[in-house]
Amino acid sequence: MEVGQLQRSFVEYMASLFREISAFAFVFVVILDLSALELMYFAVLIQKGFLDAQFSQLQQLQDDSNPDFVVEVVSLFFEDSERLINDLTMALDQPNVDFKQVDAHVHQLKGSSSSVGAQRVKNCCVPFRNCCEEQNTETCLRCLQQIKQEYLLVKNKLQTLFELEQQIVAAGGAIPMVQ
């Protein structure tokens, strides 16, 4: 079952348990449940290797003076990654591949992935750079497909995490911080 569907089922189940509680108590419980759900979801992202400790450090830089810091930084990562992936696709589609240019793009993607804690994307860049050294177009194309897949997965996971955070804030709660 998909994570989003599990989240909806969880919230629906909790709602059914507390239908007889007053509106105030229900809102309080939903906030707590969403906060717990967000913490569990974040733990799964770390455990499955989508994110690493760098993402937690990024979260710790967010405060009341800049409450959207993480979303803004990750949005820049999304934009940068999509540009780099497009550049890599075009570079590898050329009849004479410039492997130094491809390697430079992969190196940039690795650094940007590392800076936001996108561990699986970063990890895909290591073999990709080795393929650039070997100047093997076919293997580079396979590495690019792997990067595209991991990028889309982490993007989807982070967007879900941010949606959970928005729901918590909209319900009057605070985002739980993982130390």
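Below, each value reflects all heavy atoms present in this structure, side chains not excepted, and no hydrogens, waters or symmetry copies. Since this is a predicted model, take the numbers as computed values, not measurements.
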Tell me, do [X] and [Y] make a side-chain contact under 4.5 Å, heavy atoms counted?
{"X": "I46", "Y": "Q119", "answer": "no"}
{"X": "L51", "Y": "L158", "answer": "yes"}
{"X": "V102", "Y": "D98", "answer": "no"}
{"X": "C143", "Y": "I147", "answer": "no"}
{"X": "Q159", "Y": "F78", "answer": "yes"}
{"X": "F99", "Y": "T137", "answer": "yes"}
{"X": "L161", "Y": "F55", "answer": "yes"}
{"X": "D63", "Y": "F69", "answer": "no"}

How many angstroms lie between [atom1] in [X] and [atom2] in [Y], if you round to the nearest 0.5 Å?
{"X": "K155", "Y": "E150", "atom1": "NZ", "atom2": "CD", "value": "15.0 Å"}
{"X": "S112", "Y": "K122", "atom1": "OG", "atom2": "NZ", "value": "12.0 Å"}
{"X": "E82", "Y": "Y151", "atom1": "CD", "atom2": "OH", "value": "3.5 Å"}
{"X": "L84", "Y": "L144", "atom1": "CG", "atom2": "CG", "value": "11.0 Å"}
{"X": "H105", "Y": "N86", "atom1": "NE2", "atom2": "CG", "value": "10.5 Å"}
{"X": "S81", "Y": "K148", "atom1": "OG", "atom2": "NZ", "value": "13.5 Å"}

Looking at C132 and C140, what are the two nearest heavy atoms and their distance?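 For C132 and C140, the tightest heavy-atom pair comes out as N-SG, 3.8 Å.
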How close do Q101 and A91 get, heavy atom to heavy atom, and via which atoms?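 Closest approach of Q101 to A91, heavy atoms only: OE1-CB, 3.9 Å.
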Using the side chain to side chain contact (heavy atoms under 4.5 Å, CB included) rule, take V70 and F162 through it: C-alpha gap first, then chi angles, then the decisive distance, then the call. CA-CA 9 Å; V70 174; F162 296 149; 3.9 Å; yes
May I have all residue pairs that pass side chain to side chain donor-acceptor pair (under 3.5 Å) and include part of residues 124-133, sequence neighbours excluded?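 Pairs touching residues 124-133 that pass the test: D103-R129, H107-R129.
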Apply side chain to side chain contact (heavy atoms under 4.5 Å, CB included) to Q149 and list each qualifying residue two or more places apart in sequence or on a separate chain.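 Once residues adjacent in sequence are excluded, the partners of Q149 under the side chain to side chain contact (heavy atoms under 4.5 Å, CB included) criterion are Q146, L153.
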I'd like to know if the side chain of S114 reaches the main chain of K110, judged simply by a donor and an acceptor atom lying under 3.5 Å from each other, with no hydrogens or angles considered.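 Looks like no, no N/O pair under 3.5 Å.
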Do Q94 side-chain atoms and M90 backbone N/O form a donor-acceptor pair below 3.5 Å?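 Confirmed, Q94 side chain pairs with M90 backbone.
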Any salt bridge linking E138 with R142? Criterion: basic side-chain nitrogen under 4.0 Å from a carboxylate oxygen.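 Salt bridge: yes.
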When clusters are formed by joining ILVMFWY residues with side-chain heavy atoms under 4.5 Å apart, either directly or through shared neighbours, do L76 and L152 land in the same one?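 The answer is no; the residues belong to distinct hydrophobic clusters.
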Taking only residues two or more places apart in sequence, or in another chain, which ones meet F77 in a ring-ring contact (aromatic ring centres under 6.0 Å, His included)?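 Per chain and number, F77 pairs via ring-ring contact (aromatic ring centres under 6.0 Å, His included) with no residue.
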